[in-house]
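Take a look at the structure below.
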Amino acid sequence: MSSLYIHIPFCKNKCFYCDFPSYSCMENSIEEYLNALEKEAKSRAKDTYDTIFIGGGTPTHLSERQIEKLGDIISNIKMSNNCEFTMEGNPGTLTKEKLCMMKDIGVNRLSMGLQSTNNDLLKFIGRIHKYEDFLKNYNDAREVGFENINADLMFGLPGQSLQEYKKSIKSLIDLGLDHISAYSLIIEEGTKFYELYNNDKLKLPDEEVERDMYRITLEELEKGGYHQYEISNFSKEKKECKHNIVYWTLNNYIGIGSSAASYCSHKRLKNVNNIGEYIDRINKKGNAIEEVIENSIKDDMEEFVFMGLRMIKGISIEEFYKRYNKRIEDIYGDVINKYTNMDLLKIACGNMFLTKRGIEVSNYIMSDFIL
Ligand code: SF4
């Protein structure tokens with residue numbers, strides 16, 4: 001399995017909760033950025049890929065001409081026959097023409113940032129679109145022929161009620177999305193929400209309500225025919241995101257573009273965040289890697305467990321042995337005993353996974369797997 005991530009760091013506006021490496025008001029740099037990306041793709045994306053993911057930022061913030069250029073870059077990248085090719089898109093930047101172009105360059109999975117179906121909430125969290133914009137894009141995408149569409153949803157938003165959130169989920173189920181990702185709001189440093197929160201100007205639902213929101217997510221999506229395959233991800237049959245599974249199973253991937261991370265042959269690499277610096281480094285040195293960390297076996301074991309426990313089926317005990325030539329019980333015996341006795345962790349059918357109760361306190365459990 002070979003995977004490629006391509007980062008497009010441009011957004012129309014910065015959402016109030018977002019700490020991703022994405023920037024607004026940088027449109028003047030897009031052309032130069034794409035030129036640099038083309039050079040980096042030529043030198044680093046040489047495999048034949050089974051999954052490609054163009055994320056951001058907002059890749060659909062590019063103009064039609066720029067998407068065409070992105071298509072030229074992609075045309076030099078080899079894809080396997082069944083390659084899952086995802087591109088992220090945000091309502092407010094998507095048009096039917098752009099959707100057609102995406103289809104033409106081979107995108108077969110669309111991932112849309114919706115976050116809520118409530119227009120007041122969307123405005124309050126700094127999104128540039130209304131629910132109606134999403135609906136229009138969604139219907140256009142279906143018309144253009146997209147058969148695999150994800151929407152991102154958020155809960156625990158300021159002023160969000162349980163009822164309102166339940167309505168959001170039900171609307172998405174009725175639409176027939178293929179995949180839904182549901183994340184709770186986390187107040188991250190450096191965001192507008194962080195500032196408001198620290199000045200007591202942001203009223204968040206209390207913890208109990210947030211837990212209920214997560215429970216509702218599980219219940220409603222299960223009733224709606226989605227199966228949970230990761231803590232925050234739900235899909236119709238055979239519509240799991242293969243690209244993200246590569247991350248959670250600690251398999252190799254290459255990331256290109258500013259801020260992009262790679263994991264290859266037990267090494268973690270990371271490109272510079274700053275767009276200008278990225279362009280400069282690619283043009284002068286041919287790469288923009290600012291950090292190389294060689295994972296020790298211990299690091300790899302930790303990451304394999306830590307990431308793998310995010311998946312509902314957990315990690316394969318045999319795979320752990322194959323990779324590290326050590327029995328998982330010999331490394332993590334005490335932690336495994338502790339949590340299996342508390343019924344938060346289970347071993348069955350050759351896999352180790354979190355129980356339903358374990359998932360609710362997953363962060364706490366996972367931190368215990370750090371060696
Ligand atoms: S559109 Fe996405 S990447 Fe851009 S600011 Fe909003 S959340 Fe962040």
Side-chain angles (χ1 to χ4, degrees), residues 5-30 33 37 53-63 66-67 70 86-95 98-99 102 107 109-134 136-138 141 149-158 160 168 172 179-197 202 204 232-233 241 243-244 247 255-261 270-275 278:
Y5 174 78
I6 301 173
H7 192 65
I8 304 291
F10 306 98
C11 285
K12 201 163 173 182
N13 282 337
K14 193 79 186 164
C15 302
F16 302 155
Y17 56 87
C18 177
D19 76 330
F20 297 152
S22 66
Y23 309 90
S24 60
C25 307
M26 293 285 288
E27 287 77 5
N28 288 343
S29 304
I30 296 181
Y33 182 83
L37 195 62
F53 195 109
I54 305 182
T58 304
T60 49
H61 186 40
L62 302 188
S63 68
Q66 290 159 346
I67 292 181
L70 190 59
T86 305
M87 182 156 153
E88 288 183 333
N90 279 318
T93 61
L94 255 174
T95 61
K98 288 185 188 176
L99 285 164
M102 286 157 63
V107 176
R109 183 173 184 272
L110 174 66
S111 181
M112 295 175 75
L114 167 64
Q115 318 313 350
S116 171
T117 60
N118 179 313
N119 285 337
D120 293 334
L121 266 182
L122 286 173
K123 193 169 170 201
F124 195 77
I125 63 174
R127 300 292 297 182
I128 56 166
H129 58 88
K130 295 202 159 129
Y131 179 47
E132 292 71 27
D133 300 318
F134 168 84
K136 163 100 181 57
N137 295 154
Y138 176 77
I149 306 181
N150 165 66
D152 289 340
L153 197 61
M154 289 176 91
F155 59 92
L157 296 174
Q160 189 178 38
S168 273
L172 297 194
H179 189 286
I180 294 172
S181 303
Y183 299 100
S184 67
L185 172 72
I186 295 172
I187 303 293
E188 302 281 4
E189 210 175 326
T191 62
K192 183 164 177 183
F193 272 0
Y194 185 80
E195 212 183 294
L196 291 173
Y197 185 72
L202 201 64
L204 300 175
S232 309
N233 284 279
C241 177
H243 186 85
N244 284 341
Y247 299 148
I256 59 170
S258 62
S259 318
K270 198 190 150 287
N271 277 354
V272 289
N273 284 334
N274 184 284
I275 295 175
Y278 168 77

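Counting starts at 1 for both ligands and their atoms, in listed order. Atoms considered below: every heavy atom in the structure, side chains included; atoms not considered: hydrogens, waters and symmetry mates.
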_Can you tell me how far apart CD1 (Ile125) and CE (Met154) are? Round to the nearest 0.5 Å._
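The CE atom of Met154 is 5.5 Å from CD1 of Ile125, to the nearest 0.5 Å.
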Just jot down the ligand 1 atoms closer than 4.0 angstrom to any heavy atom of [X], in number order.
X	value
Thr58	1 (S), 4 (Fe)
Arg127	1 (S), 6 (Fe), 7 (S)
Phe20	3 (S), 8 (Fe)
Asn90	1 (S)
Cys11	1 (S), 3 (S), 4 (Fe), 5 (S)
Tyr17	7 (S)

*Within a reach of under 6.0 Å around CD of Glu195, are more than 12 heavy atoms found that belong to other residues, nucleotides or ligands?*
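Count not over threshold, so no.
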*More than 12 heavy atoms from other groups under 6.0 Å of OH on Tyr247*: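 Yes.
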*Is there an N/O/S atom in Cys15 at a distance below 2.8 Å from atom 6 (Fe) of ligand 1?*
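Here the distance criterion (N, O or S atom, under 2.8 Å) is met by Cys15, so yes.
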*Answer with side chain, backbone, both or neither: which part of Asn13 has a heavy atom less than 4.0 angstrom from an atom of ligand 1?*
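The part of Asn13 near ligand 1 is the backbone, not the side chain.
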*Nearest candidate to atom 8 (Fe) of ligand 1, where distance is taken over non-hydrogen atoms, out of Cys18, Ser22, Gly92*: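 Comparing heavy atoms across Cys18, Ser22, Gly92, the nearest one to atom 8 (Fe) of ligand 1 lies in Cys18.
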*Any side-chain donor paired with an acceptor under 3.5 Å for Asn118 and Gln160?*
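No, no side-chain donor-acceptor pair sits under 3.5 Å.
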*Work out which heavy atom in Asn137 is nearest to a heavy atom in Met112; give both atom names and the distance.*
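That closest heavy-atom pairing would be CB-CE, 3.4 Å.
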_I'd like to know if the side chain of Asp19 reaches the main chain of Thr191, judged simply by a donor and an acceptor atom lying under 3.5 Å from each other, with no hydrogens or angles considered._
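Not confirmed, Asp19 side chain does not pair with Thr191 backbone.
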_If we only consider heavy atoms of Gly113, is any one of them less than 4.0 Å away from an atom in ligand 1?_
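Gly113 does not count as a contact of ligand 1 under the 4.0 Å cut-off.
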*For side chain to side chain contact (heavy atoms under 4.5 Å, CB included), just list the numbers for Arg127 and Tyr17, CA-CA rounded to whole Å, side-chain angles, deciding distance to a tenth of an Å, and then say yes or no.*
CA-CA 10 Å; Arg127 300 292 297 182; Tyr17 56 87; 3.0 Å; yes
